[in-house]
Amino acid sequence: MNETSNSISVSVVKDPVRVRMAPSPTGYLHIGGARTALFNYLFARHHNGKFILRIDDTDTARSTDESMHEIYTALKWLGLEWDEGGDEGGPCGTYVQSERKAIYDGYIAQLLENGNAYHCYCTPEELEEIRTQARADKQTRSYDGRCRELAAEAVDRFVAEGRKPTVRIKMPDTPIRVDDIILGSRNIDPATLEDEVIVRSNGMPNYNLTSIIDDAEMQITHVIRGTEHLNNTPKQIAIANALGLNVPQFAHIPLVLDSGGRKMSKRHHGDLVAVNRYREQGYLPEAMLNFVVRLGWSYDDKQEIFSVEELIEKFDLARVGKSGSVFDIKKLEWLNSHYINQLDVSARTEAVIPFWQEKGLLLDPTENRDWLEGIVEAVGERLTKLQDIVPQTSYFFTDAFEYEPKAVKKWWGNSEEKREKTREILTNILQILEEIPTFDIETIEAAIWQYTDENNIKRVAAMQALRIALTGASFGPSLFDIVVLLGKDEVLKRIPKAIEHCT
RNA sequence: GCCGCUAUCGUCUAGGGGUUAGGACGGAUGGUUCUCAGCCAUCAAACCGGGGUUCGAAUCCCCGUAGCGGUACCA
C-alpha cells in the first residue's frame, strides 16, 4: 500500500493497537459519534487490536446514567462491541472517568509540585472581563496567565475571601509538534496557546487533563476522533509532556455536516442525529454502518455496499478525506432499502412484526405466520424503512381506512356519470368474485381481464377503482396479491361498502 | 476579533501534470406494468478565484476568497 506524502503510514505501527471511543454521556449517541465509534472499531479490528469504551463524564452536572445507557444501547445495536470498558470494566479498572478521580489527583499533585501547573483564583466574572478585553485588543489568548506568579499575600487574601481556585496548566514556550495521520504534521506556535484550566474550582478535573492521562493509562495507541478536537490536541500534548506521559498518534476525522454545511449537533438537530431514533424507525444497523462509513471514507470508485467484514478488511485511515461530509438521508434510505431487500421473506417478516404490534395492528404474531409472510412478500421492495410497513399494509388488518380523496377523484370519477360507471364496474367485479370457482391469483386475474377486455374497459381503470375500494389508496402491491391475501369474505364485504361510498 | 482546518456534479466520492474528469445517491425522460415501487435505457450535473512553475495544471507552489471548527471552571 502506498502512502501519501502528508500521511503517516498506519502500517508502521507495531505495538498492539488500542483505540478508544470516549463519549460524554450528556445525551444520546449521535450520527457523528457513531461514525467515530465505527472508525475506531474498524481500525482496531483491522489491526487485531482492542476497542475500548471510556466514559468521559467529568462534567458531572450534565452527565446522566440514562444517557450512558442510551449510548450503550445504540453501540450494541450497531454491533460495535467493545473489548474493554463501558459497563464491563477491564484491566484498567473502571473506564468511567468520574470514578477515576484518585488517579487524576495524583497527576495533578505532580503537576503542581513540578511547577507545570498553578492555582488560579480568578472568578468567572474576572475571566469574562479579561476575555472581553483581550478580544478588544485583538489578542490571540483570552487568558493572560496572571495567576502564574501570585504573591503569597494575594493568595491569602483570595483564600480569606473564600475563593476556590482552579488549576491551570503552564503552557510551554516552545513549539508543539502535532502529527496527525489524516491531516499531516505541523508545529503549533506556543504564543497561540493559553494556560488552560485543568481542574475546576470544585476539584473535578477537566477533559483535556483526564483524556490524555487516560489515553496513557489505558495505553491507547491511536486517538481517532472528530476534528472539533483538533485545537485540543496541542494542549493535551503539552500536558502529557509535562507529566512525562506517552502521547498517542492522532487521527482527526472530518465533521459530519447538515445540508447547510454546519456541524451536526444534538443541540441544533435534535432527533435527526440520534442513532436510536433511526433504530426505532426501522433502519437496519448494517445500513447505518454502511452509510456512516462512507462519510469521509471511500475504498475505490466502484464499491458502495460494504459488509462489516469487508470494512474490517478494507478500512484504512489513509483513505479518510480531510473535508466535512454532508449527511444525506436519501442515501441512507437507499442503503436501508437495499439491506431490507437482502433479507429473505421470513427474516423480513420477523423484522417487521414489532412495527405492526406497536401500532396495535397485530396482536398475536405467532398466528397466521404464512399470511403475514404473504403480505411481506406482496409488499416486496417497497420498504425504505421497516416502519413503512404500517402505512403500507394497515388495510390488511382493518377496513377502517379513509378513501384517499385525490385517488377517489381521479379513479372513481368526479361527475355523477363517471361515478355511475365506477359503481357498475365494481358491481360487476363483485359478481365475478362471488361466482369465481377458486379464489386464487390466476383464476381471478383471468376472470377480470376477460371482463375488462370483453367490455372494452381499460384495465387500469377497473383495477384502480377496485384498489381504492379495497385499500383506500391508488398505489401499492399487485392488486391480485391483495385480493387473495384479504380473502374472499373480506373482499366481498369491502366492495359493497365502497360502492356505497362511491356517490 | 483571534487560532485552526478545508475546498471535484445538489450530495457522498474516484482520480491527480496530458482523461470525453469516473462511479453512487438524488433529479429528469422513455420503456415494462393494474398503480406505486422496482427493473432496463437515456440525459442533465463538478475541478472556488487569481497568479505562478511547466510544452502542458483540476492536479504542484503562492496569494486571495468562501465555508466550517474552536475560542468555557463542556466534551
Task: Side-chain heavy-atom pair A:Tyr283, A:Leu335 within 4.5 angstrom cut-off - done: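 A:Tyr283 does not reach A:Leu335 side chain to side chain.
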Taking atom [atom1] in both [N] and [M], compute the distance separating them and give it to the nearest angstrom.
{"N": "B:C43", "M": "B:C9", "atom1": "C1'", "value": "14 Å"}
{"N": "B:C12", "M": "B:G30", "atom1": "C1'", "value": "28 Å"}
{"N": "B:G22", "M": "B:U42", "atom1": "P", "value": "15 Å"}
{"N": "B:G18", "M": "B:G10", "atom1": "C1'", "value": "30 Å"}
{"N": "B:G27", "M": "B:G15", "atom1": "P", "value": "27 Å"}

- [ ] Grab the CG-P distance between A:Leu383 and B:G38 for me, whole Å please.
- [x]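 Value for this atom pair: 12 Å.
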TODO: To the nearest Å, give me how far apart OH (A:Tyr143) and C1' (B:C2) are.
DONE: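 Distance, rounded to whole Å: 19 Å.
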Task: Aromatic plane relationship, A:Phe158 with A:Tyr121 - under 30° parallel, 30 to 60° tilted, over 60° perpendicular - done: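 Aromatic pair A:Tyr121/A:Phe158 classed parallel.
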- [ ] Not counting sequence neighbours, which residues clear side-chain hydrogen bond (donor to acceptor under 3.5 Å, both in side chains) with A:Thr422? List them please.
- [x]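 A:Thr422 satisfies side-chain hydrogen bond (donor to acceptor under 3.5 Å, both in side chains) with no other residue.
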Show me the side-chain donor-acceptor pairs of residues 441-453 of chain A shorter than 3.5 Å, one per line, residues at least two apart or across chains.
| from | atom 1 | to | atom 2 | distance (Å) |
| --- | --- | --- | --- | --- |
| A:Thr443 | OG1 | A:Thr438 | OG1 | 3.0 |
| A:Thr443 | OG1 | A:Asp440 | OD1 | 2.7 |
| A:Thr443 | OG1 | A:Asp440 | OD2 | 3.1 |
| A:Glu445 | OE2 | A:Trp449 | NE1 | 3.2 |
| A:Gln450 | NE2 | A:Glu454 | OE2 | 3.1 |
| A:Tyr451 | OH | A:Asn428 | ND2 | 2.9 |
| A:Thr452 | OG1 | A:Ile448 | O | 3.2 |
| A:Thr452 | OG1 | A:Trp449 | O | 3.0 |
| A:Asp453 | OD2 | A:Arg459 | NH2 | 3.2 |

- [ ] Just jot down the ring-ring contact (aromatic ring centres under 6.0 Å, His included) partners of A:Tyr107, sequence neighbours excluded, or say none.
- [x]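 Partners of A:Tyr107 under the ring-ring contact (aromatic ring centres under 6.0 Å, His included) test: none.
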TODO: Return the set of residues passing ring-ring contact (aromatic ring centres under 6.0 Å, His included) with A:His501 (not counting sequence neighbours), or none when no residue passes.
DONE: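 For A:His501, the residues satisfying ring-ring contact (aromatic ring centres under 6.0 Å, His included) (neighbours in sequence not counted) are A:Tyr403.
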Could you please name the option among [options] that lies closest to any side-chain atom of [X]?
{"X": "A:Arg467", "options": "B:C34, B:C36, B:U6", "value": "B:C34"}
{"X": "A:Lys138", "options": "B:C2, B:C34, B:U13", "value": "B:C2"}
{"X": "A:Arg319", "options": "B:C36, B:G15, B:U6", "value": "B:G15"}

Open item on the list: Please list, in numerical order, the residues of residues 454-461 of chain A that have a heavy atom closer than 4.0 Å to any atom of RNA chain B.
Closed with: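 Within residues 454-461 of chain A, the residues near RNA chain B are A:Arg459, A:Val460.
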- [ ] Name all pairs fulfilling the salt bridge (charged side-chain N to carboxylate O under 4.0 Å, His left out) condition that reach into residues 327-337 of chain A, sequence neighbours left out, sorted by first residue then second.
- [x]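 For residues 327-337 of chain A: A:Glu304-A:Lys331.
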Open item on the list: Test: salt bridge (charged side-chain N to carboxylate O under 4.0 Å, His left out). Region: residues 135-145 of chain A. Which pairs qualify, not counting sequence neighbours?
Closed with: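 Output for this query lists A:Asp144-A:Arg146.
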- [ ] Would you mind classifying the nucleic acid contact of A:Ser325 as base, sugar-phosphate or nothing, using non-hydrogen atoms under 4.0 angstrom?
- [x]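 Sugar-phosphate contact only - A:Ser325 comes under 4.0 Å of backbone atoms but never of a base.
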Result block: side-chain N/O donor-acceptor pairs under 3.5 angstrom for residues 63-72 of chain A, not counting sequence neighbours:
| from | atom 1 | to | atom 2 | distance (Å) |
| --- | --- | --- | --- | --- |
| A:Ser63 | OG | A:Asp59 | O | 2.9 |
| A:Thr64 | OG1 | A:Ser67 | N | 3.0 |
| A:Ser67 | OG | A:Pro25 | O | 3.1 |
| A:Ser67 | OG | A:Thr26 | N | 3.3 |
| A:Ser67 | OG | A:Gly27 | N | 2.9 |
| A:Ser67 | OG | A:Gly27 | O | 2.6 |
| A:His69 | ND1 | A:Asp65 | O | 2.9 |
| A:Glu70 | OE1 | A:Asn276 | ND2 | 2.7 |
| A:Tyr72 | OH | A:Asp87 | N | 3.2 |

TODO: Might you work through the side chain to side chain contact (heavy atoms under 4.5 Å, CB included) test for A:Glu404 and A:Ile468, ending with a clear yes or no?
DONE: CA-CA 8 Å; A:Glu404 193 200 307; A:Ile468 294 162; over 6 Å; no
- [ ] Would you tell me whether A:Arg225 and A:Thr233 have side-chain atoms, one donor and one acceptor, within less than 3.5 Å of each other?
- [x]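 The answer is yes; a qualifying pair exists.
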Open item on the list: Please report whether the ring centroid of A:His30 lies less than 6.0 Å from that of A:Phe327.
Closed with: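 Here the rings of A:His30 and A:Phe327 have centres that are no less than 6.0 Å from each other.
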Open item on the list: Tell me if the aromatic rings of A:Tyr95 and A:Trp82 count as close, with their centers under 6.0 Å from one another.
Closed with: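 So the answer is no for these two rings.
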Open item on the list: Going by purine N1 to pyrimidine N3 plus the second Watson-Crick contact, or the G-U wobble pair, all under 3.5 Å, which nucleotide sits opposite B:A7?
Closed with: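 Pairing partner, where one exists within any strand: B:U65.
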Please write out the pairs of protein N or O atoms and N or O atoms of nucleotides 41-48 of chain B separated by less than 3.5 Å, giving the distance to one decimal.
none

TODO: Name all residues meeting the salt bridge (charged side-chain N to carboxylate O under 4.0 Å, His left out) criterion together with A:Lys314; count only those two or more places apart in sequence or in a different chain, and write none if there are none.
DONE: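 Partners of A:Lys314 under the salt bridge (charged side-chain N to carboxylate O under 4.0 Å, His left out) test: A:Glu310.
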Kindly give the atom pairs (protein nitrogen or oxygen, nucleotide nitrogen or oxygen) under 3.5 Å for nucleotides 19-28 of chain B.
| from | atom 1 | to | atom 2 | distance (Å) |
| --- | --- | --- | --- | --- |
| B:G23 | N2 | A:Glu304 | OE2 | 3.1 |
| B:C25 | O2' | A:Lys331 | N | 3.3 |

TODO: Determine, for nucleotides 62-75 of chain B in 5'-to-3' order, which nucleotides have protein heavy atoms under 4.0 Å from the base (write B), from only the sugar-phosphate (write S), or from neither (write -).
DONE: ------SBS-SBBB
